[in-house]
Each structure stands twice: as structure tokens, then as C-alpha cells.
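Chain letters run A, B, ... following the sequence lines, proteins first and then strands; every chain starts at 1. Nothing here was measured: the structure is a model prediction, and the numbers come from that model.
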Number of protein chains: 2
Amino acid sequence: MTSPRANTLAVSTVIFALRPRGAGPSAHVLWVPLVRRTRDPFLNQWALPGGWLSAEEELEHAASRTLEETTGLAPKFLEQLFTFGDLDRTPGDRVVSIVYWALVQPTEADRAIVDDNVRWFAADALPQLAFDHNRIVAYALWRLRTKMEYSRIAQAFLGTSFTLAQLREVHEAVLLRPLDPANFRRSMESSGTLIDTGERVAGARHRPPRLYRYTSTEPTPPTDPTNRHEEFAHDDRIR
Amino acid sequence: MTSPRANTLAVSTVIFALRPRGAGPSAHVLWVPLVRRTRDPFLNQWALPGGWLSAEEELEHAASRTLEETTGLAPKFLEQLFTFGDLDRTPGDRVVSIVYWALVQPTEADRAIVDDNVRWFAADALPQLAFDHNRIVAYALWRLRTKMEYSRIAQAFLGTSFTLAQLREVHEAVLLRPLDPANFRRSMESSGTLIDTGERVAGARHRPPRLYRYTSTEPTPPTDPTNRHEEFAHDDRIR
DNA sequence: GCAAAAGTGTTTTATATACACCCATGC
DNA sequence: GCATGGGTGTATATAAAACACTTTTGC
């Protein structure tokens with residue numbers, strides 16, 4: 001005789017960073033940190049970072065905390081993605097996972113933790129993950145690509161100032177296609193979200209590019225459910 | 001001495017229907033069914049239909065079940081909206097609410113249940129609701145309006161066949177602005193989602209309009225997290 | 001000078017909008 | 001006929017894409 005099933009609440013986070021890669025068509029690729037499971041089910045398999053939700057912790061806080069614990073980084077973008085609760089996604093108790101997604105910049109010589117139980121993987125070449133985590137990452141990737149087209153989350157992969165070429169590189173790496181430099185420049189300039197810092201980057205053997213910053217606020221949708229990250233409104237058009 | 005707080009899981013649903021109204025600029029308005037709370041907290045105040053989540057019920061099933069129980073209707077559209085879990089949204093135990101939103105057609109002489117504890121309200125003139133439910137409805141409204149512009153959820157308010165004027169009326173009522181009939185026709189025709197049934201509606205004292213149907217499937221985003229409602233992909237772009 | 005990327009200009013294409021006007025029906 | 005929406009045509013404005021060309025640096 002088995003005891004009745006119970007609901008358990010968990011928070012997980014899909015963390016994206018953009019890192020240079022050896023060679024290939026585009027110079028940067030999306031990477032995702034995963035943690036190795038240290039218990040059953042799916043012992044030793046890779047999974048999204050996350051943990052049980054305590055009754056005293058805000059959802060978003062739980063997401064950014066696990067993010068800090070696995071990458072050592074603070075997110076420049078953090079947003080709720082979806083809540084997964086299919087009955088068959090876990091054996092034993094039913095686990096409802098509130099999943100967030102985050103963008104971080106790979107700073108300070110990849111300050112990111114890398115030990116035997118935490119590793120970064122190329123987002124388009126993941127191994128078989130625990131639970132339904134492959135599906136979750138795939139959905140997060142779709143959301144990232146969709147949102148990149150109408151918002152300015154690209155900045156979250158970069159520092160405070162950047163050249164248009166760097167910003168374009170981010171878009172190209174995420175969208176997986178080349179963008180016309182001339183048209184990209186115009187569309188960014190006309191968006192009104194860029195500020196010319198006046199500075200330039202010398203040193204390369206070509207005309208020194210300008211450095212830009214982002215304006216601090218973006219027109220937020222009337223009712224962002226969280227009202228915490230005005231910089232990047234929640235969906236929308238979850239298109 | 002108080003016992004430690006616990007997490008509780010609930011599912012609620014924001015249900016929209018489009019119903020004719022007495023007079024005014026547009027002939028139809030959005031309505032939302034609410035239920036009266038029969039216990040504390042917020043005793044007697046109006047709230048979104050919903051209930052506790054059992055460990056044996058799928059999230060979406062819980063949403064459509066409460067929808068059936070409060071309206072007597074089956075949803076033509078049902079999708080996860082957002083998960084609300086702020087610590088201060090409930091007194092006592094912390095309640096995490098997975099909120100769905102749904103569109104129904106007001107069929108069969110408003111088969112909808114109307115008793116002392118269930119009532120329909122105009123979506124733009126709600127009373128003060130229990131918990132954070134005003135904010136939730138506002139967010140659902142924003143999502144409905146956003147999604148109306150790039151998907152074909154409008155059909156969910158209508159029967160299987162409809163005239164272009166009816167479809168336009170839906171858009172106008174949701175978007176709260178008049179649309180050019182000529183341009184609306186063209187944009188719908190060029191979308192490739194409409195099928196001319198060949199039938200017409202006679203009886204009115206003007207040229208009889210054609211009846212259209214929707215094509216059955218829409219290009220789904222690569223990774224709809226649920227894969228159940230291919231007709232209406234989840235955000236995203238939750239644009 | 002030459003290579004390479006920054007940056008500007010121009011043309012084409014597609015799409016959205018505004019609005020004039022004809023068509024088919026009921027009365 | 002006339003009123004009423006159904007339906008077509010067309011001109012204009014705005015934005016996306018394609019691509020030629022000039023500018024500024026390092027070597």
C-alpha cells in the first residue's frame with residue numbers, strides 16, 4: 001500500500017551566456033550551465049539548476065539565488081518562463097516546477113564555477129537531460145529568439161558599453177543568421193534605445209567604432225505581472 | 001507560537017467571453033465570470049474561479065474543470081498565463097497560484113450559470129477583487145490584446161463559421177478601436193488562415209456576406225511547452 | 001597603398017493605412 | 001429608389017531588405 005501522492009514545488013532556471021567558440025560561422029555561441037544530479041531519480045544525469053521552494057522565499061529570488069549558486073554570477077535579465085507540472089514528469093511525488101530563464105554576461109575570466117558537478121554546455125548540443133529538461137531548454141531557446149526580435153534583451157549579454165558590431169554579434173549568434181551591418185545600425189538607431197557615449201575603441205586596424213550605452217528604461221507593457229524588471233517586459237508578445 | 005508557513009498550490013482561470021451590450025460605441029464587450037468567496041480571507045468578495053491543485057490532476061485539466069464548473073462551458077482556447085507567488089499575496093500559508101486564461105463563446109442562450117455566487121462582470125469595470133486578482137485580470141487583458149494582433153485567437157469567441165464583419169467585431173471589441181473593413185478583409189485574406197465556405201448569410205437588408213471557416217492548424221512555434229493546443233501557440237511572442 | 005571594418009546613401013520591396021467607389025440585398 | 005453593409009480598387013506612407021560606396025584606422 002502506497003501513501004497518497006503529494007505536490008511538491010520547485011524552482012529551476014535556464015541560464016544563458018554567450019561565449020566565444022573556437023571556430024565556425026559565427027564567433028559566439030549560446031552556453032547553458034547544468035548541474036549533475038547527486039541522487040535518484042536520474043542520478044548522475046545533467047539537469048537544470050534549481051531547488052525546492054521554501055514558503056518564505058519569493059519565486060524570483062529563488063531563481064536568482066540558484067543562479068548565483070551555480071554560476072557565481074548575477075543575472076542581467078531574469079524572467080518567469082513557464083510552469084511545468086505534467087503528472088508523468090517525475091516518478092513518485094508530483095513536482096510542479098516554476099521555471100525562470102536568465103541571461104548573464106560571462107565576466108571576469110569566466111568567474112563561473114566549474115567543478116565535477118557543474119558544467120557549461122553548448123545550447124544546441126545538450127546531452128540527454130534529467131526529467132523534461134530538454135524540452136524546457138528548447139522552449140527557453142525559442143523564447144529567447146522570439147524576444148530578441150522585438151525587445152532589447154541583447155544588452156544583457158554585454159557590459160555597460162559596447163560597439164554596434166558587438167551588439168550585432170549577439171543578435172547573429174542568437175538568431176543564427178547574419179545581419180546586414182548597415183541595416184542593423186539604422187534599426188538600432190531608430191529604436192531610440194541607444195546612446196552614443198562619445199568614446200571610441202582604438203587599436204584595431206580599421207576605423208575605430210563608437211561605443212554605445214542603452215537608455216535605462218523601456219516602455220513597459222501596461223501590466224507587467226511582476227513590475228520588477230521594467231527593463232524587459234514580460235511577453236509578449238509571447239508571439 | 002505559530003506553526004511554520006507552508007506552500008500551497010492553486011490553479012485559477014481568467015475566463016473571457018464576448019457579449020453584446022445595450023449601447024455604446026462598440027456592440028460587444030468583454031465579460032469575465034467571477035465567484036463569490038464563501039470563507040475568509042476576503043469573505044464575500046469576488047474572485048477568480050479556481051481551486052486547490054490535487055497531486056493527481058494535470059494543471060490544464062484543473063483549469064478547464066473549474067471553467068466548466070463555473071460557466072458550464074468548454075473553452076475554445078486555454079493557455080497558461082503566469083504563476084503568481086508573492087509572499088504577501090495571501091495571509092497565512094503562502095499560496096502559489098498557477099493562472100490560466102481562457103476564451104469561451106457565449107452559446108445556447110448563455111447557458112452560463114448565474115446564481116448568487118457566480119456573476120459575470122464587464123472586464124473594464126470590475127469591482128475590488130480578492131487577493132491580487134485585479135492585477136491578474138489586468139495582465140490577462142493585456143495578453144489577450146497583444147496576442148490578438150499576431151495570432152488568430154479571435155476565432156475562439158466565435159462559432160465554426162462566421163462572417164468577416166463578425167470577426168472584425170471581435171477584434172474591435174478587444175482592441176477597443178474601429179478597424180477599416182476593407183483593410184481588415186485584406187489582411188485576413190492574405191493571412192491564409194481563412195477558408196471561404198461558399199455559403200452566405202441572407203436575410204439582412206444588404207448584400208449577403210460570405211461565411212468563412214478557419215484553417216485547422218496554424219504554424220506552431222518549434223517548442224510549444226504544452227504541445228496540446230496547436231491551434232494557438234503559447235507566446236509568445238508573448239510578442 | 002592595402003586590408004578591414006565603420007559608417008552613409010540609394011533603390012527596391014513589402015506592408016500598413018486612408019479613402020473613394022461600386023455591388024447586392026431588403027424594404 | 002434608397003439605405004446599409006459587403007466588397008474592390010487605388011494612392012500614399014512607413015518600414016524592411018539589398019547593396020553600392022565612402023571613411024578611417026593599422027600595418
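Atom CG in B:Leu211 sits roughly 13 Å away from atom C1' in D:dG6 (whole-Å rounding). Atom C1' of nucleotide D:dG7 and atom CG of B:Asp196 are separated by 12 Å, given to the nearest angstrom. Note: CG (B:Asn183) to C1' (D:dG9) measures 12 Å, nearest angstrom. Counting to the nearest Å, the C1' atom of D:dA18 and the CG atom of A:Leu179 are 13 Å from each other. Atom CZ in A:Arg185 sits roughly 12 Å away from atom C1' in D:dT23 (whole-Å rounding). Following rounding to the nearest Å, A:Asp180 (CG) and D:dC21 (P) show an atom-to-atom distance of 15 Å. Between the CZ atom of B:Phe184 and the P atom of D:dG5 there is a distance of 17 Å, given to the nearest Å.
In this structure, A:Arg186 reaches the bases: a heavy-atom distance under 4.0 Å links it to at least one base atom across the strands shown. Counting any heavy atom pair closer than 4.0 Å across all strands shown, B:Ala204 reaches sugar-phosphate atoms only and no base atom. Base engagement by A:Ala182 is indicated by at least one non-hydrogen atom pair under 4.0 Å involving a base atom.
At distances below 3.5 Å, at least one donor-acceptor pair connects side-chain atoms of B:Asn134 with backbone N or O atoms of B:Pro127. Judged by distance alone, the side chain of B:Asp132 and the main-chain N or O of B:Arg135 form no donor-acceptor pair under 3.5 Å. In this structure a side-chain-to-backbone donor-acceptor pair under 3.5 Å is present from B:Ser187 to B:Phe184.
The nucleotide range of DNA chain C contacted by chain A, defined by atoms under 4.0 angstrom from heavy atoms of the protein and reported 5' to 3', is C:dA3 to C:dT10.
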Discussion item. Apply side chain to side chain donor-acceptor pair (under 3.5 Å) to residues A:Thr215 and A:Arg152 and explain how you reach the verdict.
Written reply: CA-CA 10 Å; A:Thr215 56; A:Arg152 18 175 251 187; 2.9 Å; yes
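When each of A:Arg207 and B:Arg205 is assigned the nucleotide of DNA chain D bearing its nearest heavy atom, the one mapping closer to the 5' terminus is B:Arg205. Both B:Tyr212 and B:His206 lie near DNA chain D, and the one whose nearest nucleotide falls closer to the 5' end is B:His206.
A:Phe16 and A:Trp101 have perpendicular rings, their planes meeting at more than 60° on a 0 to 90° scale where under 30° would count as parallel.
A:Ser97 and A:Arg89 share a donor-acceptor pair across their side chains, judged by distance under 3.5 Å alone.
Taken from CZ in B:Arg185 to CG in B:Leu164, the straight-line distance is 4.5 Å, to the nearest 0.5 Å.
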